[in-house]
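The structure presented is a predicted model; accordingly, all values stated were derived computationally and were not measured.
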Amino acid sequence: MAHQVETMAWANEEPWHGLGVEVPATLTPLEMQEAAGLDWTVSKRPSYTIDAPEWSEDVGLIQADKTFHIVRDSDNQILSHCGRDYIPIQNEDVFKFFKRFTEAGHMTMETAGSLKNGGEIWGLAKISEDFELVGEDQIKGYLLINQPHIVGRSMIIKLTPIRVVCNNTLSLSLQGKTERSVKVGHRTEFNADEVKKALGIASS
């Protein structure tokens, strides 16, 4: 399926695929996370293999020293393999990022969801008409956060004119050129304040 939607929630206009649950645009970011079915965590777990070429009742297990897996804790869904240095970013961290802006009235939560059986999630907030970057004109559109629970992929936070409701619209949004975009890798701890400064949307 082109949309690849596992779970989602949306406010305002219904998505083209008709999936997800409709919610009011007044939800807090953490309420949006729960409504979209994203109130789960991931953990980095060690990998094992058998100590013989083929499986039998007598085989034992060997821990793979350099290989781990990213696992969804709610159902033990294996989302990706990863290395020793990989640092998971939790869904809750994504939605807490929006909190400062929604509480100030600069944004409202628009859509959120899980794609590819939890392999990546997104949150999208609609920017209010009166939101301004420091020293610049008013901006319109959305603030998007795309968090892949997949090795080799970075979290991306960016301003976009595209309303994300599926894998196709997410791909279009990520391909669109903008100077207001930040990538966050999984080898360092996620620092929301530094990302806001880099985007130029930090304000008192």
Side-chain angles (χ1 to χ4, degrees), residues 3-42 72 74 89-115 118 120-134 136-149 155-174 176 178 180-182 184 190-204:
H3 55 75
Q4 296 195 50
V5 172
E6 181 185 42
T7 62
M8 74 170 292
W10 51 270
N12 301 313
E13 181 182 353
E14 183 177 358
W16 64 268
H17 47 61
L19 300 175
V21 294
E22 182 179 8
V23 297
T26 55
L27 289 191
T28 67
L30 292 181
E31 288 172 338
M32 188 65 156
Q33 176 192 354
E34 183 176 0
L38 301 176
D39 50 343
W40 41 266
T41 58
V42 296
R72 179 161 58 184
S74 60
I89 299 176
Q90 301 298 341
N91 296 349
E92 185 175 359
D93 294 326
V94 171
F95 289 89
K96 283 182 176 179
F97 188 93
F98 294 106
K99 186 173 182 286
R100 182 177 183 179
F101 305 107
T102 57
E103 288 183 346
H106 294 312
M107 301 180 190
T108 56
M109 297 307 300
E110 182 76 8
T111 69
S114 167
L115 300 170
E120 57 184 315
I121 65 108
W122 88 90
L124 188 79
K126 186 177 182 180
I127 299 171
S128 302
E129 294 292 331
D130 61 350
F131 186 78
E132 297 182 4
L133 297 176
V134 177
E136 299 188 22
D137 295 332
Q138 292 182 349
I139 57 173
K140 298 180 181 179
Y142 305 94
L143 175 64
L144 167 69
I145 303 181
N146 169 226
Q147 162 50 23
H149 296 297
M155 172 195 277
I156 297 179
I157 303 100
K158 69 178 298 184
L159 303 176
T160 177
I162 298 174
R163 183 174 185 258
V164 175
V165 297
C166 62
N167 185 61
N168 286 344
T169 48
L170 176 63
S171 297
L172 287 173
S173 178
L174 296 178
T178 176
R180 301 293 177 178
S181 177
V182 174
V184 180
F190 175 52
N191 187 317
D193 290 336
E194 290 300 320
V195 171
K196 290 171 185 175
K197 290 179 183 178
L199 278 172
I201 59 175
S203 60
S204 61

Give a yes or no on whether the backbone of K126 and the side-chain of E110 come within a donor-acceptor separation of less than 3.5 Å. no
Could you tell me whether the side chain of L144 reaches within less than 4.5 Å of the side chain of L170, counting heavy atoms only? yes
Check the pair V164, Y142 against side-chain contact (heavy atoms from CB on, under 4.5 Å), reporting the backbone distance first and the verdict last. CA-CA 9 Å; V164 175; Y142 305 94; over 6 Å; no
Test item: H17 side-chain N/O and V165 main-chain N/O as donor-acceptor pair under 3.5 Å: yes
Listed by chain and number, what are the side-chain contact (heavy atoms from CB on, under 4.5 Å) partners of A104, not counting sequence neighbours? H106
Would you confirm whether S171, through its side chain, and N167, through its main-chain N or O, come within 3.5 Å as a donor-acceptor pair? yes
side-chain contact (heavy atoms from CB on, under 4.5 Å) for T111 and W122? Distances and angles first, verdict last. CA-CA 8 Å; T111 69; W122 88 90; 2.9 Å; yes
Within this structure, what is the OG1-CZ distance for the pair T108 and F101, rounded to the nearest 0.5 Å? 13.5 Å
Is any side-chain heavy atom of N191 less than 4.5 Å from a side-chain heavy atom of K197? no
Find the distance between CD1 (I121) and CE (M155) and round it off to the nearest 0.5 Å. 7.0 Å
Between the main-chain N or O of K158 and the side-chain N or O of S181, is there a donor-acceptor pair closer than 3.5 Å? no
d(F97 CZ, L143 CG) to nearest 0.5 Å is 6.0 Å
What pairs of donor and acceptor atoms, side-chain ones from residues 31-39 against any protein atom, are under 3.5 angstrom apart with sequence neighbours left out?
{"from": "E31", "atom 1": "OE1", "to": "T28", "atom 2": "N", "distance (Å)": "2.9"}
{"from": "E31", "atom 1": "OE1", "to": "T28", "atom 2": "OG1", "distance (Å)": "3.4"}
{"from": "Q33", "atom 1": "NE2", "to": "L38", "atom 2": "O", "distance (Å)": "3.0"}

Assess whether side-chain contact (heavy atoms from CB on, under 4.5 Å) is satisfied between F190 and V195, documenting all intermediate values. CA-CA 9 Å; F190 175 52; V195 171; 3.8 Å; yes
Between atom CG of L172 and atom CZ of R163, what is the distance when rounded to the nearest 0.5 Å? 14.5 Å
If you apply the rule side-chain contact (heavy atoms from CB on, under 4.5 Å), what do you find for L115 with V5, and how did you get there? CA-CA 5 Å; L115 300 170; V5 172; 3.9 Å; yes
Before giving the answer on side-chain hydrogen bond (donor to acceptor under 3.5 Å, both in side chains), spell out for N91 and Q147 the whole-Å C-alpha distance, their side-chain angles and the decisive distance to 0.1 Å. CA-CA 8 Å; N91 296 349; Q147 162 50 23; over 6 Å; no
